[in-house]
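Working notes, structure below.
Computed from a predicted structure; not experimentally measured. Residues take their numbers from the sequence shown, with the count starting at 1.
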Amino acid sequence: MSTPSIPPVGIDELLERVRSGLDRVGAQDAFAAASAGEALLVDIRYAALRERDGLIPGALVVERNELEWRLDPRGSHRAPEATGHDLRIVVICNEGYASSLAAASLHQLGLHRATDLVGGFQAWRAAGLPVDRTRTD
């Protein structure tokens, strides 16, 4: 039995498709939502970037390769913060590319309010928002 062939797509087109299904947020909006308890910020940057640049206070750090397992509300390895499918999650990578793909993956798990931060951590830092340089998880 053969599997139907899916035509290949380039990463730019894939990002465009994925982002069209996300309600992406800017740094100030992400900060306001997290401060009000309306969103969970999830930092998927790898350790070397977190060590170099610091962390967003209050953000949940989840390595990208563990993201779906840690945020699936029905999963056996879920983080305590993964309370339900209505949770608003803002995924943050370094520059806002991998986070778009990660947020789309979370949508496939039923986390329909998952989105990402336009410009990633670098946009957060450029906006002058809080960064903790003492904690590197």
Report, one line per pair, each donor and acceptor closer than 3.5 Å where one atom sits in a side chain of residues 83-96; sequence neighbours left out.
from, atom 1, to, atom 2, distance (Å)
His85, NE2, Leu109, O, 3.2
Asp86, OD1, His112, NE2, 2.7
Asn94, OD1, Gln122, NE2, 2.8

Once side chain to side chain donor-acceptor pair (under 3.5 Å) is applied, do any residues pair with Arg78, and if so which ones, sequence neighbours excluded? none
Show the numbers, then the answer: is there a side-chain contact (heavy atoms from CB on, under 4.5 Å) between Leu129 and Gln28? CA-CA 8 Å; Leu129 295 169; Gln28 292 292 345; 3.8 Å; yes
Close side-chain approach of Val9 to Arg17, heavy-atom, < 4.5 Å: yes
Are there more than 12 heavy atoms of other residues, nucleotides or ligands under 6.0 Å from atom CD of Glu16? no
Does a donor on one side chain and an acceptor on the other come within less than 3.5 Å for Asp116 and Ser100? yes
So how far is it from Leu41 CG to Glu81 CD, rounded to the nearest 0.5 Å? 11.5 Å
Taking atom CG of Asp72 and atom NE2 of His77, what is their separation to the nearest 0.5 Å? 11.5 Å
Val18 reachable from Leu106 in the ILVMFWY side-chain graph, under 4.5 Å edges: no
Between Val131 and Leu117, is there a shared hydrophobic cluster once you connect ILVMFWY residues whose side-chain heavy atoms come closer than 4.5 Å? yes
To the nearest 0.5 Å, how far apart are CZ in Arg52 and CZ in Arg133? 9.5 Å
Looking only at non-hydrogen atoms, find the nearest pair between Glu63 and Tyr46 and report the distance. OE1-CA, 3.9 Å
side-chain contact (heavy atoms from CB on, under 4.5 Å) assessment of Trp124 paired with Asp43: CA-CA 12 Å; Trp124 179 279; Asp43 186 344; over 6 Å; no
Compare every heavy atom of Leu71 with every heavy atom of Leu111, then report the nearest pair and how far apart it is. CD1-O, 3.5 Å
Answer yes if Ile44 and Tyr97 sit in the same cluster of Ile, Leu, Val, Met, Phe, Trp and Tyr residues linked by side chain heavy atoms under 4.5 Å apart, and no otherwise. no
Minimum-distance pair of heavy atoms, taken over all atoms of Ala103 and Ala114: O-CB, 4.1 Å
Arg45 versus Leu55: any side-chain heavy-atom pair under 4.5 Å? yes
Answer with yes or no whether the hydrophobic clustering places Leu22 together with Ile11; edges join I, L, V, M, F, W, Y residues whose side-chain heavy atoms lie under 4.5 Å apart. yes
As a quick check of understanding, evaluate side-chain contact (heavy atoms from CB on, under 4.5 Å) for Leu60 and Arg70, giving each step before the final call. CA-CA 10 Å; Leu60 175 65; Arg70 304 288 289 146; 5.5 Å; no
For a quick test of reading the model, state the closest non-hydrogen atom pair linking Gly119 to Arg24 and the distance between them. N-NH2, 4.4 Å
